[in-house]
Each structure stands twice: as structure tokens, then as C-alpha cells.
Engineer: 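Sharing a structure with you now.
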Amino acid sequence: MSHTILLLQSTTKLDSRTYSDYESVDECLDAICKVFEEHLKKRNPTSPSITYDISELFEFINEIADLSCLVFQKPTGQYKPHNKEWIKQEIFQLLRKQAAGGR
């Protein structure tokens, strides 16, 4: 469980910058997936359910103007920054773990 800060800038406008913090990396990654799911719900308001594959999620992540995670490193007492590619790798691992029935 490493405290994680999500930095998200949804558009090129500076006022679209937001941050949120989570108790773990997995919790942060789940939040990124939820942002995407909310985006899909807005695009498909009459659809009773939303389905997507990982390539659509990754395309969404690529389209976000800026997205990064700062993960707390206990040994050093500092936050380590991670970029979109790291986030996508971690989401892939998380979804694979969830699909296998683990949490």
C-alpha cells in the first residue's frame, strides 16, 4: 500500500488540471478506469450498460493532455513520478489480476 497522487489534465487548458490522492496504486488505477467509464456514459447516455476493451481505455489515456502518478517510496520518503506508459502497464496487470479472480 503506497500512497499515490494522480495528476490529470484532461485538455490543453491549464484550468483542466486536477489531482486526487489514494491509499494505494491499485485504488488510483481503478479511479482512472472510472474516469474512462464516466466518459463513456456521457457519450452513450441512453445505453443501459457500458462495455469496452483495454485498447479503448489505452487510447483514452493517450488522448488525455497530461496524466501521471506520484507513488510514495517508503525507503526514501519521496514520491516517484510515473508516466502514461507506466500507468497503462499497471492497469493491464491490475485488470489481468481482476479477471483471474484476484484483487
Engineer: Does the side chain to side chain contact (heavy atoms under 4.5 Å, CB included) test come out yes or no for Glu56 and Leu40, once each step is laid out?
Structural biologist: CA-CA 10 Å; Glu56 294 169 297; Leu40 291 177; 5.9 Å; no
Engineer: Would a hydrophobic clustering, with Ile, Leu, Val, Met, Phe, Trp and Tyr connected at side-chain separations under 4.5 Å, put Trp86 with Ile32?
Structural biologist: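 Same cluster: Trp86 reaches Ile32 through Ile, Leu, Val, Met, Phe, Trp or Tyr contacts under 4.5 Å.
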Engineer: Can you find a heavy atom in the side chain of Leu57 that is under 4.5 Å from one in the side chain of Leu95?
Structural biologist: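 The answer is yes, as the side chains (C-beta and beyond) meet within the 4.5 Å cut-off.
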Engineer: When rounded to the nearest 0.5 angstrom, what distance separates CD in Glu63 from CZ in Phe36?
Structural biologist: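 So the CD of Glu63 and the CZ of Phe36 are separated by 9.0 Å.
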Engineer: Mind checking the CD1-CZ spacing from Ile50 to Arg43? Nearest 0.5 Å is all I need.
Structural biologist: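 If we round to the nearest 0.5 Å, Ile50:CD1 and Arg43:CZ are 9.5 Å apart.
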Engineer: Do Tyr22 and His3 have ring centroids that are under 6.0 Å from one another?
Structural biologist: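 Ring-ring flag for His3/Tyr22: false, centres at least 6.0 Å apart.
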Engineer: Quick test of your reading of the model: are Glu37 and Lys34 salt-bridged, counting only N-O distances below 4.0 Å?
Structural biologist: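 Salt bridge absent between Glu37 and Lys34.
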Engineer: If you define the side chain from C-beta out and look only at heavy atoms, does anything of Leu67 sit under 4.5 Å from Leu7?
Structural biologist: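 SC-SC contact between Leu67 and Leu7 ruled out.
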Engineer: Looking at Ser24 and Glu27, would you say the former's side chain and the latter's main chain have a donor-acceptor pair under 3.5 Å?
Structural biologist: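 Present.
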Engineer: Quick check against the 3.5 Å criterion: does Lys80 have a side-chain atom that pairs as donor or acceptor with the backbone of Val71?
Structural biologist: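 Side chain of Lys80 to backbone of Val71, a donor-acceptor pair under 3.5 Å: no, none is there.
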Engineer: Quick one, Ile54 and Lys88 - any side-chain contact, counting heavy atoms below 4.5 Å?
Structural biologist: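 No, every pair of side-chain atoms sits at 4.5 Å or beyond.
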Engineer: Could you tell me which non-hydrogen atom of Leu6 sits nearest to which non-hydrogen atom of Cys69, and how far apart they are?
Structural biologist: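 Answer, listing the atom of Leu6 first, then Cys69: CD1-SG, 4.0 Å.
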Engineer: Taking the inter-plane angle between the rings of Phe60 and His39 on a 0 to 90° scale, is it parallel (under 30°), tilted (30 to 60°) or perpendicular (over 60°)?
Structural biologist: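 If you compare the ring of Phe60 with that of His39, the planes turn out tilted.
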Engineer: Given the rule in the side chain to side chain contact (heavy atoms under 4.5 Å, CB included) test, do Asp66 and Leu8 qualify, once you have shown the distances and angles that lead to the verdict?
Structural biologist: CA-CA 6 Å; Asp66 194 13; Leu8 189 148; over 6 Å; no
Engineer: Do you know which two heavy atoms are closest between Lys84 and Asn62, and how far apart they sit?
Structural biologist: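 Scanning both residues, the minimum pair turns out to be NZ-O, 3.2 Å.
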Engineer: Which pair of non-hydrogen atoms, one from Asp30 and one from Gln98, has the smallest distance, and what is that distance?
Structural biologist: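 So the minimum-distance heavy-atom pair works out to OD1-NE2, 3.4 Å.
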Engineer: Indicate yes or no: at least one non-hydrogen side-chain atom of Glu23 is less than 4.5 angstrom from one of Thr4.
Structural biologist: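 Counting from C-beta outward, Glu23 and Thr4 never come under 4.5 Å.
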Engineer: Do Ile91 and Phe58 have side chains that approach each other closer than 4.5 Å (heavy atoms only, starting at C-beta)?
Structural biologist: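 Yes, close enough: below the 4.5 Å cut-off.
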Engineer: State plainly whether one hydrophobic cluster holds both Ile64 and Ile5, where clusters connect Ile, Leu, Val, Met, Phe, Trp and Tyr through side-chain heavy atoms under 4.5 angstrom apart.
Structural biologist: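 Hydrophobic grouping puts Ile64 apart from Ile5.
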Engineer: Rounded at 0.5 Å granularity, tell me how far CD1 in Ile87 sits from CG in Leu94.
Structural biologist: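 So the gap between those two atoms works out to 12.5 Å.
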Engineer: Gln73 versus Gln78: any side-chain heavy-atom pair under 4.5 Å?
Structural biologist: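 A side-chain contact under 4.5 Å is absent here.
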Engineer: Quick check for you: to the nearest 0.5 Å, what is the distance between His82 atom NE2 and Gln89 atom CD?
Structural biologist: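 Rounded to the nearest 0.5 Å, the NE2-CD separation comes to 10.5 Å.
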Engineer: Would you confirm whether Ser16, through its side chain, and Lys13, through its main-chain N or O, come within 3.5 Å as a donor-acceptor pair?
Structural biologist: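 Pair found, side chain donor or acceptor close to backbone of Lys13.
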Engineer: State whether the number of non-hydrogen atoms from other residues, nucleotides or ligands found under 6.0 Å of Tyr19 atom OH is greater than 12.
Structural biologist: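 Result for OH/Tyr19: open.
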Engineer: Quick one: are Tyr79 and Ser2 in side-chain contact, heavy atoms under 4.5 Å?
Structural biologist: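 The answer is no; the side chains never approach within 4.5 Å.
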Engineer: Between Ser68 and Asn83 (side chain of the first, backbone of the second, donor and acceptor by atom type, cut-off under 3.5 Å), is there such a pair?
Structural biologist: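 No; zero donor-acceptor contacts below 3.5 Å.
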Engineer: Would you name the heavy atoms of Ala65 and Thr11 that are closest together and state the gap between them?
Structural biologist: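 Smallest interatomic distance, heavy atoms only, reads CB-O, 3.1 Å.
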Engineer: One thing to verify: whether Asp26 and Lys97 come together as a salt bridge, which I'm taking to mean a side-chain N less than 4.0 angstrom from a carboxylate O.
Structural biologist: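 Yes, charged N to carboxylate O under 4.0 Å.
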